[in-house]
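Residue numbers begin at 1 in each chain, while the letters A, B, ... track the order of the sequences. Here the structure is a predicted model, which is why all the values come from computation and not from measurement.
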There are 2 protein chains.
Amino acid sequence: MQNLIHHIQITINPGIYLKNPESSDLGKRMISEGIHMIASSGFDNFTFRKLGERIGSNESSVYRYFENKHKFLIYLTSWYWGWLEYRLVLETNSITDAREKLDRALTVITQPVETDDAFGHIDEVALNRIMVNEYSKPFLTAEVDEENKAGYFEIYKRLIARVSEMISNVLPDYPYSNSLVSTILEGSLHQYFLAAHFPSLTNCNDPQDLTKFFKQVVFSSLDTYGKEK
Amino acid sequence: MQNLIHHIQITINPGIYLKNPESSDLGKRMISEGIHMIASSGFDNFTFRKLGERIGSNESSVYRYFENKHKFLIYLTSWYWGWLEYRLVLETNSITDAREKLDRALTVITQPVETDDAFGHIDEVALNRIMVNEYSKPFLTAEVDEENKAGYFEIYKRLIARVSEMISNVLPDYPYSNSLVSTILEGSLHQYFLAAHFPSLTNCNDPQDLTKFFKQVVFSSLDTYGKEK
DNA sequence: CTATATATGATAGTATTACTATTATTTTAG
DNA sequence: CTAAAATAATAGTAATACTATCATATATAG
């Protein structure tokens, strides 16, 4: 990606961390190494003890940045959605045609992730693997309502609202824009998961097909809405 | 539902359990009470110790039926998908028109669950709540490939294949039938979850709308495939 | 240059969990 | 009535997800 823009930060709700990991070298290493550990062995096998060792530090130091590993995951997923939002804006901002704008947005959402130089210590490809393998774990918990109230999912909600608005700009009367976007965001990760583990349950073993599939779904739905027999 | 058909059993892969819970009264109580416990407090707070107490028995007895609580959940979700498949067949079997058949299938998939008298000890409404709140936990694990190889997800795969075939009967050339079905099965549970916890991310706060939404998505996609500008 | 605050590191301890193992008791079947 | 099978009770283990405490290193303010 562009090496024009550096020193940008994705802003994360401070309630998610105890001490901002972006504020120190140690904190950045927690994020950086944490991503690699979770991407390769899965979130369930990830512990702060192992992370402490890995960064040449200590369990207790990690606990000074994050209350628990669940919040660590919420931090990572929030960062991911924030980054996706940033790329979405960057890539669609200059487009005036509503249809073309939505088309480009769907490309950004569904195409495979590439490394972004603007965020040195974060391996976006590995982070995307985490999203594919753990996508629902941040919110499928008994505490989801409290955490939602505390604003931990704001970025995700903003992202959906943004794409939803693009849909409304194509077809103001379409009544399912939020459902369509939430279905596609989750569905896209899910199709990647299926391609990796259950190839017989998807026709999108090539990312090109995934993008085509979701675009066909979205535009056919918009183009025929209100015109059914 | 019909009280015509009794004494039917959903067949579950024996690798999922150590001893078939359907084979004894104690086993049935494990399923029955386990469903209520997980539905009300969530899977993460569920333990075999608590289940043992609840059924007036013992942790060690539960372990004689299920290797661990993860397999217990796989059992429940397999049962659910098996039951959905059974209802799907029951409700679509007599329909000859391909389009109408698919339409009915989508109703069955997306409409709220009601209690089914044919399976006395299972509370399908509570089980559906589990599906909505924990839907991805059976497969978002590090062991998914082994478990898939062992056949633990056969019922789910068969269900998708079945609906996928209905799509092919409507439009043989449509190349995304598996992806469309897997997106809708997962997406339907997800929309129910959003309606309960993130109402701003869905337009389907009423189940009627959910069914309409997914039908519109499916049929518009099929009706315009190959006819885009 | 020292006193102080702050960040980090090391160690120990706790409650819970997810089991395994063993033995005792009850139920069932022949 | 006896043997086998099923269930119950109890104990124990390793790992986990923390909390608490204290020691040390480092940065900074006066």
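Using a 4.5 Å cut-off on side-chain heavy atoms (C-beta onward), Val89(A) and Arg162(A) make contact.
Between Phe139(B) and His190(A), the angle of the ring planes lies from 30° to 60°, which puts this pair in the tilted group. Ring geometry for Phe213(B) against Tyr176(A) counts as tilted: the plane angle lies between 30° and 60°, on a 0 to 90° scale. By the 30° and 60° cut-offs, the orientation of the rings of Tyr156(B) relative to Trp81(B) is tilted.
A distance below 6.0 Å separates the ring centres of Tyr86(A) and Phe119(A). Taking the ring centroids of Phe46(A) and Phe72(A), they lie under the 6.0 Å cut-off.
The stretch residues 65-78 of chain B touches DNA chain D through Tyr65(B), each having a heavy atom within less than 4.0 Å of the strand. Residues of residues 31-64 of chain A that place a heavy atom closer than 4.0 Å to DNA chain D, in numerical order, are Thr47(A), Arg49(A), Glu59(A), Tyr63(A).
Protein chain A touches strand DNA chain D; the 5'-most and 3'-most nucleotides with an atom under 4.0 angstrom of its non-hydrogen atoms are dA17(D) to dT19(D).
Shown here are the side chain to side chain contact (heavy atoms under 4.5 Å, CB included) partners of Ser164(B), two or more places apart in sequence or in another chain: Ser177(B), Asn178(B), Val181(B). Applying the side-chain hydrogen bond (donor to acceptor under 3.5 Å, both in side chains) criterion to Ser32(B), with sequence neighbours excluded, gives no partner residue.
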Distances under 3.5 Å between nitrogen or oxygen atoms of protein and nucleotides 26-30 of chain C:
none

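Using a 4.0 Å cut-off between a side-chain N of Lys or Arg and a carboxylate O of Asp or Glu, Asp145(A) and Lys149(A) do not qualify as a salt bridge.
Seen from the ring of Phe43(A), Lys69(A) counts as a face-on cation partner, given the 6.0 Å and 45° thresholds.
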Audit row: Lys137(B), Ser136(A), side chain to side chain donor-acceptor pair (under 3.5 Å) steps and yes/no: CA-CA 8 Å; Lys137(B) 287 177 188 171; Ser136(A) 69; over 6 Å; no
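Looking only at distances, no side-chain donor or acceptor of Tyr80(A) sits under 3.5 Å from a matching main-chain atom of Glu124(A).
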